[in-house]
Amino acid sequence: MGSWTTFDYSIFGRSTIDAVRSQYVTKLDQQLQPTSDELSHAFDETFTRYHDWTPVTVQPKILEILGRVVARTVAGPELCRDPCWVNDNLGYAQNVFILAVALKFAPSFIRPLIIVLTPYIYRIHRYRRKISRNISPHIAKRLHWRDHQPEVWAAHLKAVPMCTLDYLVKTSPPEESSLNTISRRLTAVSLGATHTTTNHVTNCIYDLAAGFESYAPPLRAEIEEILGPHPVSITKEDLSRMWKLDSFMKEVQRFYPPSKLSTNRKIMKPFKLSSGETIPQGTHISFAGVPMSLDNRQFENAMTFDPFRFERLRKFPRTDHSGLEFSSTYEGTMHFGHGNQSCPGRFMASMMSKLFIIELLHKYDLKLLEGEQRPSNIVMGDMDLPNPKYKILFRSRQTA
C-alpha cells in the first residue's frame with residue numbers, strides 16, 4: 001500500500017538502513033542516556049500522582065511519551081520537545097495507518113476512489129509539508145557543515161550523541177542529500193519506531209495490570225537489585241542483566257505481536273529456490289509467526305501465558321540460548337523477522353520498552369477495573385492491535 005500512502009520503498013534506501021544500523025545497533029549505548037533522560041522528563045509531564053485508584057486511558061499517554069523519546073533520537077534535542085514536530089509526526093503516522101487499512105480491505109478498482117473521496121491522503125501531504133518546513137533548516141545546516149565546514153561538522157559529531165538526522169546526513173550520497181529526501185526518511189524512521197513500540201508497551205501494561213500481584217513483585221525485586229531503590233543512572237549492562245523483565249516482554253510479544261504473520265515480503269523479480277522451484281514476480285510471502293510461536297513443539301504449554309518462561313530457559317544449561325532474548329529471533333519467535341533482514345530497530349525498541357516499564361513500576365501500582373479481564377486485542381487481517389481506549393487503574397506506588 002506504500003505507493004498509495006507515500007510510505008513506499010523509496011522512503012527507505014541503503015543510507016537509511018545504514019543510519020539505523022549504526023545508531024540503533026553498533027552505537028546503541030550512546031542513545032541510552034539521552035533516551036532515559038527524555039523518557040523520565042516526558043513521563044513526569046504526562047502522568048501525575050494518583051493518590052487513589054484512578055482510571056487512565058494509557059495508550060494515548062504511551063504514544064505521547066514515546067513520540068517525544070523517538071523525536072530525541074531521530075531529530076535531536078532541538079526538536080524533541082517541540083509539540084509541532086511531535087504532533088505532526090504522530091498525525092502523519094496515524095493517517096498513513098488508517099488509509100493503509102482502508103485500502104488493504106478494498107478491491108483494487110475501488111482504491112482510487114478511496115484516495116480521492118476520503119480526507120487521509122490530503123492530511124498526509126499536509127503533515128509532510130509541515131514536517132519538512134520544521135526540519136529543513138536543521139538538515140540544511142548540517143549539510144552545509146558536511147560539505148563546506150568539515151571541521152565544524154566533525155566537532156558537532158563529537159560533541160553530542162548523534163541522532164538519526166546526523167547519521168543520515170553523514171551516510172547519504174550527494175544524490176540522496178536533498179532536503180525532501182532526508183526529511184521523508186526521518187519521518188519513516190519516526191513512524192517505524194514510535195507506533196510499534198507504543199503497541200508493545202501498551203500490551204505489556206495490559207498484561208502487567210492483569211497479573212500485577214504475581215508479576216510486579218519479582219520484576220521490582222530484579223530492578224531494585226540491579227539499580228538500587230533510588231536509581232539515578234542506568235547502563236546497557238544493567239538492562240542486559242534484567243532477565244525477568246526481558247522474558248516478560250518477550251512472552252507478551254509471543255501472544256500479542258504487531259502482526260499474526262512474520263517477514264512479509266513481495267517478490268520483485270522471479271526468485272529461484274535452492275530446491276529448484278521459482279517464486280514468480282509479484283508473489284507475497286510470509287511466515288505464520290503466531291501459530292509457530294504458540295506451537296507446543298516450540299514451547300511447553302505454549303498456550304499458557306508464562307511471564308518468566310524465557311528467563312528459565314536461559315538458566316537451563318542444556319537450552320540453546322539463541323533466540324531467547326527479547327530482541328533476538330529464531331523459528332519460535334520471528335516477530336522481528338529473522339536473519340539478515342531482521343528489524344534493525346529492535347534493539348532500540350527493547351531499550352525504550354524496558355526503560356518505560358522500569359519507570360512505571362518505580363512510580364505506580366496497577367490493576368484492571370473491577371470485574372474486568374485483560375482486554376482482547378483488535379485483529380484486522382494480520383494486524384494485532386491493543387485496544388487504544390481501554391482504561392487501567394493507576395495508583396501512586398504504595399511503599400512500606
Side-chain angles (χ1 to χ4, degrees), residues 32 35-36 39-40 43-44 46-47 50 53 56 58-59 61-62 65-66 69 197-257 299 301 304-316 321 324-328 333 335 346-368 373-375 386 390 392-400:
L32 177 55
T35 299
S36 178
L39 188 143
S40 181
F43 206 98
D44 289 340
T46 306
F47 288 99
Y50 304 108
W53 289 110
V56 177
V58 294
Q59 197 267 359
K61 291 183 178 293
I62 298 169
I65 292 169
L66 293 182
V69 172
T197 309
T198 293
N199 289 338
H200 174 66
V201 171
T202 303
N203 279 317
C204 286
I205 290 178
Y206 289 171
D207 280 306
L208 185 58
F212 195 80
E213 297 300 323
S214 299
Y215 308 157
L219 288 171
R220 282 173 167 167
E222 177 182 71
I223 292 167
E224 292 183 6
E225 179 184 353
I226 294 170
L227 300 181
H230 305 290
V232 293
S233 63
I234 188 168
T235 67
K236 185 179 175 182
E237 289 69 30
D238 292 332
L239 292 177
S240 68
R241 291 167 57 201
M242 296 181 186
W243 286 17
K244 283 185 170 65
L245 178 56
D246 190 89
S247 174
F248 174 78
M249 288 168 38
K250 194 171 184 75
E251 184 75 347
V252 171
Q253 187 194 55
R254 192 172 72 87
F255 276 82
Y256 305 103
F299 301 105
N301 299 319
T304 300
F305 183 85
D306 182 352
F308 307 124
R309 175 193 303 274
F310 291 98
E311 181 209 18
R312 292 196 307 275
L313 289 173
R314 290 172 72 178
K315 287 181 175 179
F316 189 58
H321 286 198
L324 298 180
E325 295 179 48
F326 175 72
S327 55
S328 58
T333 56
H335 307 303
R346 65 192 187 277
F347 302 103
M348 185 65 182
S350 174
M351 185 175 77
M352 287 195 297
S353 299
K354 288 176 181 176
L355 291 172
F356 193 105
I357 296 171
I358 289 168
E359 191 83 13
L360 185 80
L361 285 169
H362 183 65
K363 293 181 176 179
Y364 298 107
D365 297 326
L366 310 176
K367 69 177 180 178
L368 299 181
Q373 295 183 330
R374 198 264 191 219
Y390 193 78
I392 294 292
L393 291 174
F394 272 62
R395 184 181 64 183
S396 294
R397 183 177 178 184
Q398 306 291 295
T399 55

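As the structure is a prediction and not an experimental result, all values here were calculated from the model.
Between E311 and R314 no salt bridge is recorded (no basic side-chain N to carboxylate O distance below 4.0 Å). Under the 4.0 Å criterion applied to side-chain N and carboxylate O atoms, K354 and D238 are not assigned as salt-bridge partners. For the pair E237 and R241, the salt-bridge criterion is not met [side-chain N within less than 4.0 Å of a carboxylate O].
At least one donor-acceptor pair under 3.5 Å links the side chain of R309 to the backbone N or O of T304. Checking side-chain atoms of R346 against main-chain N and O of S327 turns up a donor-acceptor pair under 3.5 Å. With D246 contributing its side chain and F326 its backbone, the two residues share a donor-acceptor pair below 3.5 Å.
Taking the ring centroids of F394 and F47, they lie under the 6.0 Å cut-off.
Using cut-offs of 30° and 60° for the angle between ring planes, the F308 and Y215 rings count as perpendicular. Aromatic ring pairs are classed by plane angle as parallel below 30°, tilted from 30° to 60° and perpendicular above 60°; the pair Y364 and Y50 is tilted.
In this structure F212 satisfies the ring pair (Phe, Tyr, Trp, His ring centres under 6.0 Å) test with no other residue, sequence neighbours excluded.
Note that CG of L219 is 10.0 Å distant from CD1 of I358, once rounded to the nearest 0.5 Å. Atom OG in S247 sits 7.0 Å away from atom CG in D306 (nearest 0.5 Å).
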Donor-acceptor contacts, no H, no angles, side chain residues 221-229, under 3.5 Å, sequence neighbours left out:
from, atom 1, to, atom 2, distance (Å)
E222, OE1, K244, N, 3.3
E222, OE1, L245, N, 3.1
E222, OE2, W243, N, 3.0
E222, OE2, K244, N, 2.8
E224, OE2, R397, NH1, 3.3
E224, OE2, R397, NH2, 3.0

